[in-house]
Q: 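The following block contains the structure, expressed as structure tokens.
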Amino acid sequence: MTPSNPLLDFSDLPRFADIRAEHVTPAINALLEENRAVVKQLEQLDGAISWENFVDPLDNVTEKLGRAWGVVGHLNAVADTPELRAAYNENQPAITEFWTELGQNLALFEKYKALRAQADFSSLSEARQKIVLNAIRDFRLGGAELPDDKKQRYAEIQEKQAALSTKFSENILDATNHYALYVDSAEELRGLPDDVLQAAKFAAEKDGKSGYKFTLHFPSYFPLLQYAENRQLRETIYRANATKASELGEKTEWDNSAIMTELLQLRKEEAELLGYRNFAEVSLVSKMAESPAQVSQFLEDLAKRARPFAEKDLEELRAFAKEQLNIEELQAWDTAYVSEKLREQRYAFSEQDVKQYFPEQQVISGLFRVIQTLFAVEIHADQATTWHPDVQFYRIEKDGQLVGQFYLDLYARNGKRGGAWMDDARGRRRTANGVQTPVAYLTCNFTEPATVDGVKKPALFTHDEVITLFHEFGHGLHHLLTKVEDLSVSGISGVEWDAVELPSQFMENFCWEWDVLQHMTAHAETGQALPRALFDKMIAAKNFQSGLQTLRQVEFSLFDMRLHDVFDPASGQTVQDILTTVRELVSVFTPPEFNRFQHSFGHIFSGGYAAGYYSYKWAEVLSADAYAAFEESGRQEGSNLSRSAGKKFQQEVLEVGGSRPALASFKAFRGREPTIDALLRHSGMSIQH
């Protein structure tokens, strides 16, 4: 019988059409009660501990809670309403309390240790051995060995951190949704492409206003910075975006200043409770990197290599701004505009030219062609209820058998958190009824298709958006193509955080391949594929300003690491002070004093990347080196869409998920340790001797 509460129905896909805010509390209460009952039974388990009598029952019951809360969290991120937000915030403390209790449960910890100590432990599969070792590590990190009074404080810290992280995110969303810049005439918007103007006009009309509306959603504000000739307008939107959710923003109730400081204090206290010097050390226990010092050294070395290229990039930008655009002193709100003009002059094309060749359906089918070629799978449209009419749903099959399914939610809208991400709706595992196939959410925030005279036009993607789509799909493949049948290490589960970006960054490379782009482009008006001459210009411009871009990522990464390594909130130092010192060390172009980028740095304050943002650069070393194997095969096979390299990558990286250390998977694929050479070469920063 189908449960009346859709959040308690685990028979198949989430019933998004039926889920309401009022379902959340009853479902979560019922699942917490069921989980606590099973945990109590397992605590009292007598005799020999086995996978079947201990790990399976625990996985069975906690998976249901994870899936139900995952649906609630997903909806909170992509379809925020006051009612849903209230239900989410009402239940989050109870969820956090349960997972904290579980992580501190000494009786369960002892049973995992007993499993590890059994004589036949080595006869368990590699995946199951890894699960047991991960569990023992996580119980220690969860405070299982702490005395009772410290356990209580640890639990309070977890609950408070969860609430603060949620509030941090909500403040960004509210500040983003609230802001609107209305511009009366097209004359003030000289330089903006037609499709941007149409979207802004349509947005104003929806508000019952004339003129044009711009918001702080990326697809709306960034074209102003990139194309608007009106410098004052660029400064206005830059300032609004750079100060959102800060003390300089529109509403002080959305100021994240105190939240950041309190989160950092709580993380430091958590680390000290667990016997570590700082939170960076705690964060790295479950990552590839061995110490904060090693990460900092890696980042500072990368900054040194990139700096000469960044200085040259900036020098060219300033000279061009002065000589060609009469901008005497380059400001932060000028850089995107001047960069676009310089790119147009140097490479004789604009991003707007390229965009005309990337209509949504052509891009999607081109992406699927890459996946199907590399990994010998088939992707088909599928049916499911969704949370918004724009959301699409697909299935992946191999040899006629279902492998996995995914939701694709591409467009920015009010009530949807900014950015792009992949999340799992369900993991692969073997159950009593056979293999449960994985399901993923793939979420982006691209420009919504314009509506002209009541007709929705086809969406056109920028090349950067195409790269983002391939990136998120790489995460999706990691989750969907796994062959591991134990939940805790199937797909992306159990993969070290600083290796999780390997498949996603790897996939980005295909966006620069001629035999990919000629199959995924069709001009919006003529239907013509991307011309080779324009592709060649794109390749020539590929590493345009890569020095500046690398330093920017290093700046964010080093800022994050120092906040969690050397920063002491009690010292009188501020978060801004740390950012300033990092910029003095690595930056060549410092943002204006009013810039409050850190106030919306969701990755580290609400997104799980605390003391882990360096992962993007760390994993890029792995992904560039992995892609070099496809280039090597391509030289023999005539195409980097190499089925032989794809098969090996599939077997040694994607299919094994988190069932073995990421470095072991990389070495199994590449036959050696990773090197930084391919990253520097792909970024145009190789030193030629």
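Keep in mind it's a predicted model, so treat the numbers as computed, not measured.
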Q: With a 4.5 Å cut-off on side-chain heavy atoms, are Leu469 and Val363 touching?
A: yes
Q: Where do Thr176 and Arg417 land on the side chain to side chain contact (heavy atoms under 4.5 Å, CB included) test, with the steps shown first?
A: CA-CA 9 Å; Thr176 300; Arg417 180 160 60 84; over 6 Å; no
Q: Just checking, any donor-acceptor pair under 3.5 angstrom between side chains of Arg660 and Ser665?
A: yes
Q: Report the C-alpha separation of Glu229 and Lys341 in whole Å, then their side-chain angles, then the decisive distance to 0.1 Å, and conclude whether the salt bridge (charged side-chain N to carboxylate O under 4.0 Å, His left out) test is met.
A: CA-CA 11 Å; Glu229 294 174 16; Lys341 293 294 183 194; 5.1 Å; no
Q: Is it true that His380 and Tyr394 have ring centroids separated by less than 6.0 Å?
A: no
Q: How long is the gap from OG1 on Thr335 to CG on Leu548, to the nearest 0.5 Å?
A: 9.0 Å
Q: Are Phe461 and Phe446 an aromatic pair by the rule of ring centers under 6.0 Å?
A: yes
Q: Does any donor atom in the side chain of Ser587 or Glu555 lie under 3.5 Å from an acceptor atom in the other side chain?
A: yes
Q: Do Asp498 and Tyr614 have side-chain N/O donor and acceptor atoms under 3.5 Å apart?
A: yes
Q: Is the shortest side-chain heavy-atom distance between Leu502 and His478 below 4.5 Å?
A: no
Q: The test is salt bridge (charged side-chain N to carboxylate O under 4.0 Å, His left out); show your working for Lys201 and Glu205 and say whether it passes.
A: CA-CA 6 Å; Lys201 195 173 187 353; Glu205 285 168 0; 3.8 Å; yes
Q: Have His471 and Glu501 got a donor and an acceptor in their side chains that come within less than 3.5 Å?
A: yes
Q: Does CD belonging to Gln518 count more than 12 external heavy atoms closer than 6.0 Å?
A: yes
Q: With a 4.0 Å cut-off, would you call Arg681 and Asp677 a salt bridge?
A: no
Q: Answer with yes or no whether the side chains of Gln553 and Tyr613 bring together a donor and an acceptor at under 3.5 Å.
A: yes
Q: Would you verify whether the NZ or CZ of Arg234 falls within 45 degrees of the ring axis of Tyr337 while also being under 6.0 Å from that six-membered ring's centre?
A: yes
Q: May I ask you to say whether Glu673 pairs ionically with Lys667, meaning some side-chain N is under 4.0 Å from a carboxylate O?
A: yes
Q: How far does CD1 of Ile676 sit from CG of Leu622, to the nearest 0.5 angstrom?
A: 10.5 Å
Q: Start with the C-alpha distance between Glu637 and Ser644, add both sets of side-chain angles, then the distance that settles side-chain hydrogen bond (donor to acceptor under 3.5 Å, both in side chains), and finish with yes or no.
A: CA-CA 9 Å; Glu637 299 173 23; Ser644 60; 2.5 Å; yes
Q: Do other residues, nucleotides or ligands put more than 12 heavy atoms under 6.0 Å from Arg643 CZ?
A: yes
Q: Do the side-chain N and O atoms of Gln226 and Glu351 include a donor-acceptor pair separated by under 3.5 angstrom?
A: yes
Q: Who pairs with Asp515 by side-chain hydrogen bond (donor to acceptor under 3.5 Å, both in side chains), at least two apart in sequence or on another chain?
A: Ser639
Q: Give the intermediate values and the outcome of side-chain hydrogen bond (donor to acceptor under 3.5 Å, both in side chains) for residues His603 and Asp560.
A: CA-CA 10 Å; His603 277 82; Asp560 165 44; over 6 Å; no
Q: For the residue pair Phe349 and Arg343, establish whether any side-chain heavy-atom pair is separated by less than 4.5 Å.
A: yes
Q: Give a yes or no on this: more than 12 heavy atoms of other residues, nucleotides or ligands lie within 6.0 Å of atom NZ of Lys483.
A: no
Q: For Leu408, which of Leu442, Asp390, Thr386 qualifies under side-chain contact (heavy atoms from CB on, under 4.5 Å)?
A: Leu442
Q: Heavy atoms, side chains only, cut-off 4.5 Å: are Glu340 and Ser350 in contact?
A: yes
Q: Is the shortest side-chain heavy-atom distance between Pro674 and Leu663 below 4.5 Å?
A: yes
Q: Can a donor-acceptor pair be found, under 3.5 Å and without considering hydrogens, that links the side chain of Asn241 to the backbone of Tyr238?
A: no
Q: I would like to know whether Phe506 and Phe669 meet ring-ring contact (aromatic ring centres under 6.0 Å, His included); could you show each step before the answer?
A: CA-CA 13 Å; Phe506 159 79; Phe669 171 64; 7.6 Å; no
Q: Any chance the rings of Tyr616 and Tyr609 have centres within less than 6.0 Å?
A: yes
Q: Is it true that atom NZ of Lys398 has more than 12 heavy atoms of other residues, nucleotides or ligands lying nearer than 6.0 Å?
A: yes
Q: Can you label the angle between the Phe559 ring and the Phe597 ring as parallel, tilted or perpendicular, going by 30° and 60°?
A: tilted
Q: Are His388 and Val78 side-chain neighbours, meaning at least one heavy-atom pair lies under 4.5 Å?
A: no
Q: For Glu513 and Asn640, does a side-chain donor sit closer than 3.5 Å to a side-chain acceptor?
A: yes
Q: Can you find a side-chain donor-acceptor pair between Glu397 and Gln405 that sits under 3.5 Å?
A: no
Q: Tell me the closest heavy-atom pair linking His479 and Gly427, and the distance in Å.
A: CE1-CA, 3.8 Å
Q: I would like to know whether Asp464 and Lys355 meet salt bridge (charged side-chain N to carboxylate O under 4.0 Å, His left out); could you show each step before the answer?
A: CA-CA 9 Å; Asp464 280 346; Lys355 183 177 179 179; over 6 Å; no
Q: Just jot down the side-chain hydrogen bond (donor to acceptor under 3.5 Å, both in side chains) partners of Glu311, sequence neighbours excluded, or say none.
A: Arg307
Q: Taking side chain as C-beta onward, heavy atoms only, is Glu344 less than 4.5 Å from Asp353?
A: no
Q: I'd like to know if the side chain of Asn509 reaches the main chain of Tyr627, judged simply by a donor and an acceptor atom lying under 3.5 Å from each other, with no hydrogens or angles considered.
A: no
Q: Between Glu496 and Ala662, is there a donor-acceptor pair closer than 3.5 Å when you use the side chain of the first and the backbone of the second?
A: yes
Q: Can you confirm whether the side chains of Glu472 and Thr443 place a donor and an acceptor under 3.5 Å from each other?
A: no
Q: If you measure only the distance, is there a donor-acceptor pair under 3.5 Å linking the side chains of His682 and Asn543?
A: no
Q: Parallel, tilted or perpendicular: which describes the rings of Phe218 and Tyr221, with under 30° parallel and over 60° perpendicular?
A: perpendicular
Q: Return the orientation label for the Phe630 and Phe510 ring planes: parallel under 30°, perpendicular over 60°, tilted otherwise.
A: perpendicular
Q: Taking the ring centre of each residue, are Phe214 and Phe222 less than 6.0 Å apart?
A: no
Q: Verify the distance criterion only: is there a donor paired with an acceptor across the side chains of Trp387 and Asp409 at less than 3.5 Å?
A: yes
Q: If you define the side chain from C-beta out and look only at heavy atoms, does anything of Gln528 sit under 4.5 Å from Tyr357?
A: yes
Q: Go through Lys312 and Glu315 one step at a time and tell me if the salt bridge (charged side-chain N to carboxylate O under 4.0 Å, His left out) criterion holds.
A: CA-CA 5 Å; Lys312 183 167 176 283; Glu315 191 183 317; over 6 Å; no
Q: Checking side-chain polar atoms at under 3.5 Å, does Gln352 have a donor or acceptor matched by the opposite partner on Asp195?
A: yes
Q: Working to the nearest 0.5 Å, report the span between CD of Glu508 and CZ of Phe470.
A: 10.5 Å
